[in-house]
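Both ligands and their constituent atoms are indexed starting at 1 by order of listing.
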Amino acid sequence: MRVEIPPDHPRAESLRTREKLLHHWKHGVVADAGLIAQGRGEAFDYLLGEQTTTPALEATMAGAAYLLLAKKPVISVNGNAAALAPEELVKLSMVTGSALEVNIFYRSRKRLAAIASVLRKAGAKDILGLKAPVRGGPTIPELSSMRRIVDARGIFAADVVLVPLEDGDRVEALRRMGKTTIAVDLNPLSRTAQRSTVTIVDNLVRAIPNLISVVEELKDAPTSRLNAIVSAYDNKKVLGGSIALIAERLASLSKTGGSEEAPIARRARR
Ligand code: PTJ
């Protein structure tokens with residue numbers, strides 16, 4: 001059943017996102033567990049004030065610099081990412097020269113095709129990861145989930161991989177392969193967040209448009225500036241910043257019994 005979301009509903013944006021996910025779940029794009037993952041993400045988004053924070057913007061800056069410095073950047077797309085931000089992922093692939101590769105945990109030919117169809121409708125031309133795996137074909141070593149199956153021209157050969165809504169095992173395995181990973185994960189405590197080179201603790205629906213803007217701002221910057229951004233970046237420190245924001249916000253809300261009267265510290269302006 002599709003419901004009309006009243007535009008003046010205080011949680012209209014969040015309800016629209018849910019409707020989008022449900023629509024794509026019914027069409028086989030989003031896995032059953034994808035709906036549960038969204039719920040976990042929403043809980044963290046609530047704690048973060050459902051806004052892009054300063055630490056998230058700092059991570060976005062580093063992520064954009066890594067993508068621009070990369071020789072072979074790849075954007076890994078799963079069911080939730082395709083449902084939430086297909087046009088934005090396609091645009092990001094164009095502005096960064098990244099390949100788009102479908103890589104899913106709950107792998108089936110039907111789901112691969114459904115995700116590819118969403119990406120094509122959003123303007124994607126070349127999509128990797130859709131071929132049936134062959135014996136002896138490229139895989140991520142020491143990873144037992146279906147996400148080990150990768151494309152020889154894509155994730156397997158990539159130096160930088162953007163991994164929205166990841167499972168921690170694969171980030172660890174990609175890091176062991178010497179790759180730089182840029183994760184988007186609302187939970188700063190997840191293994192993905194903790195293990196990734198860069199973790200953007202923000203909702204994917206805000207993080208990808210922000211990445212596009214920062215890439216556009218930095219695309220003509222000299223390599224020395226991009227190198228300076230990535231060398232100054234400290235993911236653990238930035239993750240600590242996100243955790244501190246949640247703690248400060250909760251401490252502040254605890255003084256008012258949960259109302260938003262107390263000022264929220266260090267909000268980003270973007
Ligand atoms: O499409 P598939 O088959 O690859 O399956 C995808 C899911 C999401 C089911 C799979 O990767 C999974 O089980 O993920 P997890 O382990 O539940 O992790 C998802 C993480 O993403 C959690 O830490 C959530 O907090 C976070 N998250 C959920 N929704 C969002 C999000 N982060 C950013 N933006 C969101 N919208």
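Not a single salt bridge (Lys or Arg N to Asp or Glu O under 4.0 Å) links Asp185 to another residue, sequence neighbours left out. Not counting sequence neighbours, the partners of Arg18 by the salt bridge (Lys or Arg N to Asp or Glu O under 4.0 Å) test are Glu42. In this view, Thr17 satisfies the side chain to side chain donor-acceptor pair (under 3.5 Å) rule with no residue, not counting sequence neighbours.
One finds the CD atom of Gln194 at 10.5 Å from the CD atom of Glu172 (value rounded to the nearest 0.5 Å). Note: Ile155 CD1 to Leu174 CG = 7.0 Å, rounded to the nearest 0.5 Å.
Protein residues lining ligand 1, listed by chain and number: Ala33, Gly34, Ala37, Gln38, Arg40, Gly41, Asn78, Gly79, Asn80, Leu84, Ile104, Phe105, Tyr106, Arg111, Arg147, Leu165, Glu166, Asp185, Leu186, Asn187, Asp202, Asn203, Leu204 [non-hydrogen atoms, distance under 4.0 Å].
Inspection of the Arg170 and Ser76 side chains reveals an N or O donor paired with an N or O acceptor under 3.5 Å.
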